[in-house]
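What follows is a single structure, written as structure tokens, with notes after it.
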Amino acid sequence: MTAERPVTPVFSIVTPVYDPPIEVLAETIQSAIDQTFDAWELILVDDCSPNPAVRDTLRRFAAQDARVRVIERAENGHIVAASNDGIAAARGEFIALLDHDDLLVPEALEIVHRVVQKYEDLDYVYSDEDKIDAEGHHYQAFAKPAWSPERLRGQNYCCHFSVLRTSLVREVGGFREGYDGSQDHDIILRVSERARRVIHIPRVLYHWRVVPGSAAGDPTAKPYAVEAGRRAVQDQLKRLDLPGRVELGHGRGHYRIHHELVLNRLTSVVIAGDATRRLVWGEYRDLLTEAVRSARVHTGHEQLEFVIVHDETFDEADWARKARVEGALVRFVRCESSYRLSQRLNAGALASTGDRLVFLSQATEIRTSHWLEELVGPLEEETVGLTGPKTLWTDGQVASCGLARHPQGYVNVGKGVGHNQPGEFGMLWSNHEVSALGPACVAIRREDFLAVGGFGEQVHDSLIHLDLALKVRRQRLRAVAIVTCEIFHFEPPRRFVPIDGPGLGSLKARWGVKPADPYVRSYRGLRARQPAKGREELSGSAVRARVSR
């Protein structure tokens, strides 16, 4: 290959360079040269590296291959300035981001190009990735979800390998000063807001090298980047006019979005209730009473009504007196005892007056403050159609954080994972898109609930929430699990096994069989977890102490 070879690039690989180990840098450049697709250019921007061997190495590769271009900065400007120099010089239709110490697989650009040819309106594409250590061992392959804008706010799950349309990168102003360390997260957020199409390639195309001082191997490296990432997410909420605040999350690079609910937004909590008493945390409780009580005390939202749907055996006046619901707006709806759960919930929705509907099981207790704001607030974004909480068993372990499609049915994301644990690749630390949401609690806009026909009255009661989510998603709306809203669910654990029981056959006939899930592609930790035999149920005080840690 000679320096005179003509270049008509489809891809401009932009690599800011600052004082990496020479051997590592050479391997990075060689991984670009070894691409099986030829129409690329590699723009290496040296940010005034103190080691002269760095520029010597860059010049040597440029002399060997005309597709390798070198920009030598006169002064150090940090990664944002160096990256913007690369963007300004780019001649390719797409910009591909490559760090100076990482590696591309040989087929990376060829695979991306096939996708680019298939979709003319493609503006952003990202792939799976893994990590590689100093000995060349690969580990932590990240099977990423389909495009998940909610999860992207909670963590930069896209990261590597990111390829963005050059014109759109320039349209949004390139990388922004002051966001060093999280500049990739920030630009992906801004580009994706305007992108016509975003595609995920479910293959590892990028090896993230773990070297001393890198974020890949040291969670404490670049602490300034974490705050920059938080500001980037807060900026997006402001740009999209979504009320809420962003806080640092449990782990490095994770953020918790606390949504807000419009003050005058009347919300109706619909509960199919009865006089059931059950032993919970060592004492008998009236489930309906405690569900309403906890829902009231854990929210500051005043525009709230409860719609209690019951059969003819339920005494409204007696329950209201015992439950002490004075001051609460409570509506009662009587249905025949022969009514199915779907029919009762639909009747409650029609009797309600709120423009936001929350369907809450009476076998629940709210754990988190401002639960209603966290759960209903995301519905202010027009592309979000359905939300649900993280539900916990009585021992504090996760029961469900949304449902994922599985070849044998649907399984509960995060089932059996300890409270406050990250789950796979931090999924349980961030709000995230899912295939469906569980029966404990879901929230939806009234107009969307009516548009899809409410709960399917021909569907088995155990699957009506799943059917609702599928109908909502068919409207090109997202179903989102809200990890900042936590609810105890007191139904027996058998309710949280893979959904292979009555009615699944008819549901498959209704919707068809799809073998893979677009949002949760790894099923470790998703299998049903049954409590060990003889395991004692913790007391209420014990479990509350446990989950508060």
Side-chain angles (χ1 to χ4, degrees), residues 1-17 20-45 54 57-70 83 86 90-119 122 124-144 157-166 184 199-211 214 216-217 521:
M1 192 172 296
T2 67
E4 290 73 30
R5 179 172 181 165
V7 177
T8 306
V10 173
F11 301 103
S12 295
I13 307 171
V14 174
T15 301
V17 178
I22 299 302
E23 290 184 3
V24 169
L25 174 62
E27 290 178 1
T28 297
I29 299 172
Q30 192 64 49
S31 77
I33 293 175
D34 290 342
Q35 290 298 297
T36 57
F37 180 79
D38 286 337
W40 55 263
E41 64 177 354
L42 173 61
I43 303 175
L44 299 162
V45 184
V54 171
T57 301
L58 302 183
R59 293 166 182 167
R60 173 168 56 83
F61 276 102
Q64 295 172 357
D65 194 317
R67 296 171 300 176
V68 178
R69 303 170 58 196
V70 177
S83 298
R91 297 176 295 185
E93 184 180 1
F94 290 88
I95 288 174
L97 304 180
L98 174 65
D99 288 347
H100 65 192
D101 51 6
D102 295 337
L103 300 171
L104 294 177
V105 303
E107 305 84 9
L109 293 182
E110 180 182 353
I111 292 171
V112 173
H113 186 248
R114 288 203 295 263
V115 177
V116 168
Q117 288 183 307
K118 185 176 180 180
Y119 301 103
L122 179 63
Y124 174 48
V125 59
Y126 63 97
S127 75
D128 292 348
E129 65 187 68
D130 67 11
K131 292 180 180 177
I132 183 171
D133 64 18
E135 286 73 41
H137 300 132
H138 296 264
Y139 64 105
Q140 284 190 9
F142 187 1
K144 299 175 186 177
Y157 80 89
C158 296
C159 204
H160 310 123
F161 179 44
S162 282
V163 180
L164 310 94
R165 186 173 293 275
T166 304
D184 290 357
I199 292 290
H200 164 239
I201 297 176
R203 290 184 59 176
V204 172
L205 303 184
Y206 191 102
H207 305 309
W208 193 1
R209 192 189 296 269
V210 178
V211 296
S214 73
R521 293 173 49 230

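Because the structure is a prediction, the values reported are computed rather than measured.
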Beyond-backbone contact of Asp130 with Phe142, side-chain heavy atoms, under 4.5 angstrom = no

Pairing residues for Tyr157 by the ring-ring contact (aromatic ring centres under 6.0 Å, His included) criterion, not counting sequence neighbours = Tyr126

ask   = Any idea which heavy atoms bring Ala141 and Val204 closest together, and the distance?
value = CB-CG2, 4.4 Å

message = Looking at Leu103, is its backbone amide N or carbonyl O close enough to the side chain of Ser31 to form a donor-acceptor pair, meaning the two atoms are under 3.5 Å apart?
response = no

inquiry  = Looking at Val24, is its backbone amide N or carbonyl O close enough to the side chain of Thr28 to form a donor-acceptor pair, meaning the two atoms are under 3.5 Å apart?
reply    = yes

request  = Would you indicate whether the side-chain heavy atoms of Ile13 and Leu109 approach each other to under 4.5 Å?
outcome  = yes

Side-chain donor or acceptor of Gln35 paired with backbone N/O of Val105 under 3.5 Å = yes

ask   = If you look only at pairs with a residue in residues 22-35, which of them pass as a salt bridge (Lys or Arg N to Asp or Glu O under 4.0 Å), with sequence neighbours excluded?
value = Glu27-Arg209

key: Flag, side chain of Asp99 to backbone of Asp101, donor-acceptor distance under 3.5 Å   = no

query = Which residues pass the side chain to side chain donor-acceptor pair (under 3.5 Å) test with Asp102, sequence neighbours left out?
reply = Tyr206

message = List the residues meeting ring-ring contact (aromatic ring centres under 6.0 Å, His included) with His100, not counting sequence neighbours, and say none if there are none.
response = none

remark   = With sequence neighbours left out, the residues meeting ring-ring contact (aromatic ring centres under 6.0 Å, His included) with Phe37 are Phe11, His113

query = Which heavy atom of Ile43 sits nearest a heavy atom of Ala90, and at what distance?
reply = CD1-CA, 3.6 Å

query = Do Leu205 and Val112 touch side chain to side chain, with heavy atoms closer than 4.5 Å?
reply = yes

query = Quick check: does any side chain N or O of Arg69 sit under 3.5 Å from a backbone N or O of Ala62, one acting as donor and the other as acceptor?
reply = no

task = Using the test salt bridge (charged side-chain N to carboxylate O under 4.0 Å, His left out), find all partners of Arg60 that sit at least two apart in sequence or belong to another chain.
result = none

query = Is the side chain of Glu129 donor-acceptor paired with the backbone N or O of His160 at a distance under 3.5 Å, no angle test?
reply = yes

inquiry  = I need the minimum non-hydrogen distance between Ile201 and Ile111, along with the two atoms involved.
reply    = CG2-CG2, 3.9 Å

task = Test Thr36 against Glu107 for side-chain hydrogen bond (donor to acceptor under 3.5 Å, both in side chains), laying out the working first.
result = CA-CA 6 Å; Thr36 57; Glu107 305 84 9; 5.8 Å; no

inquiry  = For a quick test of reading the model, state the closest non-hydrogen atom pair linking Tyr124 to Val163 and the distance between them.
reply    = CD1-O, 3.3 Å

request  = Taking Arg203 for its side chain and Ala108 for its backbone only, find out whether a donor-acceptor pair lies under 3.5 Å.
outcome  = no

